[in-house]
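One structure below.
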Number of protein chains: 2
Amino acid sequence: MKLSSKGRYAVMALVDLARFNEINPVSLRDISLRQGISLDYLEQIFSKLRKNEIVQSVRGKQGGYILNKKAREIKLTNILDAVDEKVKTVQCKKELKKGCNGKATKCLTHNLWDELETHINNFFDKKSLEDLVQDNLDRRA
Amino acid sequence: MKLSSKGRYAVMALVDLARFNEINPVSLRDISLRQGISLDYLEQIFSKLRKNEIVQSVRGKQGGYILNKKAREIKLTNILDAVDEKVKTVQCKKELKKGCNGKATKCLTHNLWDELETHINNFFDKKSLEDLVQDNLDRRA
DNA sequence: ATAAACCTGACTAAAATAGTCAAGTATCTT
DNA sequence: AAGATACTTGACTATTTTAGTCAGGTTTAT
Ligand code: FES
Ligand code: FES
């Protein structure tokens, strides 16, 4: 199981953005250069972040993106959810009434993966963008 | 991020096996039928489990596989590790002295994913095969 | 007017996943 | 000894996902 780049980039980009957010809109071009992420790929990612109301866009020259909420209120869960990179341990949803194998009953390990998903989401629910920015300042000092 | 079938199958198969382990070797054919997993795929998986000394094989008629340790001593970590399905949050290993972007310095989020990996591994380190079998008995009751 | 920046949708190469298939070898039962 | 059961190994493949690229827009500050 590997973590995807898309999710990682989304968080990286937002941490970068959050650091300059108070002053001016931040252009994707700048983020691209600072973080070494393809501009075109960033545009895909920010399109989703905007649709999920995590950032706001400012069009035209001197435009860019700004956070749509306070950094403290943006949790990792929200970010990963926005770019469709939430952790999915199982495909067999409750509403389907089917197990992972297509049978009517849940498989022997269903509960385990459900527990795991909860465990991971706890981690993501607690961490905010502000925490991450602060973390970086701390380590630099 | 999606959990792979291979890891899920490995755990399912071992829970199944652990339930009958005390009596006789369990054939992959039986596991395949009970759990609805392709026999050929199971063979790949058990080849790895055997090489990692999690199971022992008994060849010939009436053969099959048995656990190589007590169920209590087999942790989820061991199983997932054996089938190469450990969670990898980052590719940028310490020994490489390179960040995920190929640069010399770690990216803004490196620490975060490291923390996450630890958090997930804690979960896997605690759960044993015995726990899982017991869980299933409990729920059936 | 023009350049900076966002916006959109389609496209694609490469990798990973989830298997299948073929050809064995070992051992038990009869 | 013969046959059946079951493990063993390695190669092969279709599908899906990932990680982008590319081509064309539209908006707004200067
Ligand atoms: S039935 Fe839900 S994971 Fe198998
Ligand atoms: S440098 Fe390790 S995740 Fe980016």
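What you are looking at is a predicted structure, and each value in this text was computed from that prediction instead of being measured.
- The NZ-P distance, from A:K6 to D:dG20, rounds to 11 Å in whole Å.
- If you measure from atom CD1 of A:I66 to atom C1' of C:dA5, you get 15 Å, rounded to the nearest angstrom.
- Between A:E85 and A:R8 there is no salt bridge, since no side-chain nitrogen of the basic residue lies less than 4.0 Å from a carboxylate oxygen of the acidic one.
- At a cut-off of 3.5 angstrom, the base of D:dT18 holds no donor-acceptor pair with the side chain of A:E85.
- Along DNA chain C, the nucleotide closest to B:G7 and the one closest to A:L28 are compared, and the more 5′ of them pairs with A:L28.
- Considering only heavy atoms from C-beta on, A:L132 stays 4.5 Å or farther from B:L108 through its side chain.
- For the pair A:W113 and A:V90, the minimum side-chain heavy-atom distance is below 4.5 Å.
- Distance B:Q44 CD to D:dG10 C1': 10 Å, rounded to the nearest Å.
- Atom CG in B:L39 sits roughly 14 Å away from atom C1' in D:dT9 (whole-Å rounding).
- Among the nucleotides C:dT27, D:dT21, C:dA18, the one closest to the side chain of A:S38 is D:dT21.
- No contact: B:V55 has no heavy atom under 4.0 Å from any strand.
- Put simply, B:S57 has no side-chain N or O that comes within less than 4.0 Å of OP1 or OP2 on D:dA6.
- Closest contact between the side chain of A:Q62 and the listed nucleotides C:dT27, D:dT8, D:dA29 involves D:dA29.
- Whole-Å rounding puts the A:Q56 CD to C:dC7 P distance at 11 Å.
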Item to check | side-chain hydrogen bond (donor to acceptor under 3.5 Å, both in side chains) between A:D16 and A:Q35, intermediate numbers included | outcome: CA-CA 8 Å; A:D16 184 309; A:Q35 305 304 328; 2.6 Å; yes

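- Going from atom CG of A:L42 over to atom P of D:dT21 covers 10 Å, rounded to whole Å.
- Nearest to the side-chain atoms of B:Y41 among the listed nucleotides D:dT17, C:dA5, C:dG19 stands C:dG19.
- Sequence order on DNA chain D of the closest nucleotides to A:S5 and B:S27 puts B:S27 first from the 5' end.
- Using a 4.0 Å cut-off between a side-chain N of Lys or Arg and a carboxylate O of Asp or Glu, B:E130 and B:K70 do not qualify as a salt bridge.
- At a cut-off of 3.5 angstrom, the base of D:dT5 holds no donor-acceptor pair with the side chain of B:R59.
- Regarding B:Q91, its CD atom lies at a distance of 13 Å from the P atom of C:dA15, rounded to whole Å.
- Which of C:dA4, D:dC22, C:dA22 sits closest to the side chain of B:D40 comes down to C:dA22.
- Residue contacts shown for B:Y65 are limited to sugar-phosphate atoms, with no base heavy atom under 4.0 Å away.
- Toward the 5′ end of DNA chain D lies the nearest nucleotide of B:D30, the other residue of the pair B:R50 and B:D30 mapping further downstream.
- Protein atom NZ of B:K48 is 12 Å distant from nucleotide atom P of D:dG10, rounded to whole Å.
- A salt bridge between A:D125 and A:K75 is absent, with no side-chain N of the basic residue lying under 4.0 Å from a carboxylate O of the acidic one.
- Side-chain N/O atoms of B:Y9 include none lying less than 4.0 angstrom from OP1 or OP2 on C:dA18.
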